[in-house]
Amino acid sequence: QVQLVESGGGLVQAGGSLRLSCAASGRTFSRYAMGWFRQAPGKEREFVAAMNRGTAYTYYADSVKGRFTISRDHAKNTVYLQMHSLKPPDTAVYYCAMSQVVTPTPTPYHSWGQGTQVTVSS
């Protein structure tokens with residue numbers, strides 16, 4: 001059973017940057033696509049970004065395109081989400097998860113982490 005642990009969240013002013021990390025235990029990390037989702041209070045979980053297992057293909061939500069970058073380091077079993085030009089609407093708990101396919105729908109993803117809080121102040 002793979003476990004995912006997110007870190008790197010925090011409080012940042014609008015226009016600032018943060019880098020989230022998601023560390024995976026186990027030896028199957030490289031076999032899966034990885035995705036980032038977020039959930040704000042009172043809202044449904046929404047897709048942020050995903051990357052295939054080979055790192056050649058990435059997919060972003062329109063709301064973060066050009067500001068966020070997903071990447072992964074197979075040697076470290078870690079996927080990252082670099083976030084720039086943060087805005088108050090980006091405030092949410094950010095989760096990582098793994099999937100057999102790159103998709104913006106949460107259903108195929110599994111092994112969800114516990115999440116890390118990102119708060120962007122105006």
Would Y95 end up clustered with M83 when hydrophobic side chains under 4.5 Å apart are linked, directly or stepwise?
-> no
Between atom CZ of R53 and atom OG1 of T28, what is the distance when rounded to the nearest 0.5 Å?
-> 11.5 Å
Are the side chains of S99 and H110 in touch, meaning some heavy atoms are under 4.5 Å apart?
-> no
Listed by chain and number, what are the side chain to side chain contact (heavy atoms under 4.5 Å, CB included) partners of V102, not counting sequence neighbours?
-> A33, A50, N52, Y57, Y59
According to the salt bridge (charged side-chain N to carboxylate O under 4.0 Å, His left out) rule, which pairs have a member within residues 36-51, sequence neighbours left out?
-> R38-E46, R38-D90
Where A92 and Q117 come nearest, the two heavy atoms and their spacing = O-NE2, 3.5 Å
Interatomic spacing from CG in L4 to OH in Y109 - rounded to 0.5 Å | 12.0 Å
Does R67 make a cation-pi contact with Y60, if we ask for NZ or CZ under 6.0 Å from the ring centre and within 45° of the axis?
-> no
Reported CD-to-CG distance for the pair Q82 and L18, which is rounded to 0.5 angstrom = 8.5 Å
Distance-minimising heavy-atom pair for V79 and M34 | CG1-CE, 3.9 Å
Aromatic ring proximity F68/H84, centre distance under 6.0 Å = no
What salt bridge (charged side-chain N to carboxylate O under 4.0 Å, His left out) pairs are there with at least one residue in residues 107-122, not counting sequence neighbours?
-> none
Heavy-atom pair with the smallest gap, counting every atom of W112 and P106 = CZ2-O, 3.8 Å
Following the transitive rule for hydrophobic clusters with a side-chain heavy-atom cut-off under 4.5 Å over Ile, Leu, Val, Met, Phe, Trp and Tyr, establish whether V120 and W36 coincide in one cluster.
-> yes
Could you tell me whether F47 and F37 have their ring centroids closer than 6.0 angstrom?
-> yes
Regarding R19 and the six-membered ring of Y80, is the cationic atom NZ or CZ under 6.0 Å from the ring centre and inside 45° of its axis?
-> yes
Do Y94 and E6 have side-chain heavy atoms sitting under 4.5 Å apart?
-> no
Nearest heavy-atom approach of S85 to S17 is N-OG, 4.4 Å
Contact check, side chains of V12 and T119, non-hydrogen atoms, under 4.5 Å | no
Any luck finding a side-chain donor-acceptor pair between T105 and T107 under 3.5 Å?
-> no
Validation row: L20, V118 side chains within 4.5 angstrom (heavy atoms) | yes
Any sub-3.5 Å donor-acceptor pair from T78's side-chain atoms to K76's backbone N or O?
-> yes
Counting only N and O atoms by type, is there a donor-acceptor contact under 3.5 Å from the side chain of H74 to the main-chain atoms of F29?
-> no
How is the hydrophobic cluster of V5 composed, in terms of its other members, when Ile, Leu, Val, Met, Phe, Trp and Tyr link through side-chain heavy atoms under 4.5 Å apart, directly or indirectly?
-> none
Tell me, which pairs form a disulfide (SG to SG under 2.5 Å) where one or both residues lie in residues 35-69, sequence neighbours left out?
-> none
Any side-chain heavy-atom pair of V93 and T116 under 4.5 Å | no
Atom CD of Q114 with >12 non-hydrogen neighbours under 6.0 angstrom = yes
Euclidean distance, S25 OG relative to Q3 CD, rounded to 0.5 Å = 5.0 Å
What disulfide (SG to SG under 2.5 Å) pairs are there with at least one residue in residues 14-106, not counting sequence neighbours?
-> C22-C96
So, for R72 and S30, which heavy atoms are closest and what is the spacing to 0.1 Å?
-> NH2-CA, 4.1 Å
Which heavy atom in V2 sits nearest to a heavy atom in A24, and how many Å separate them?
-> CG1-CB, 4.2 Å
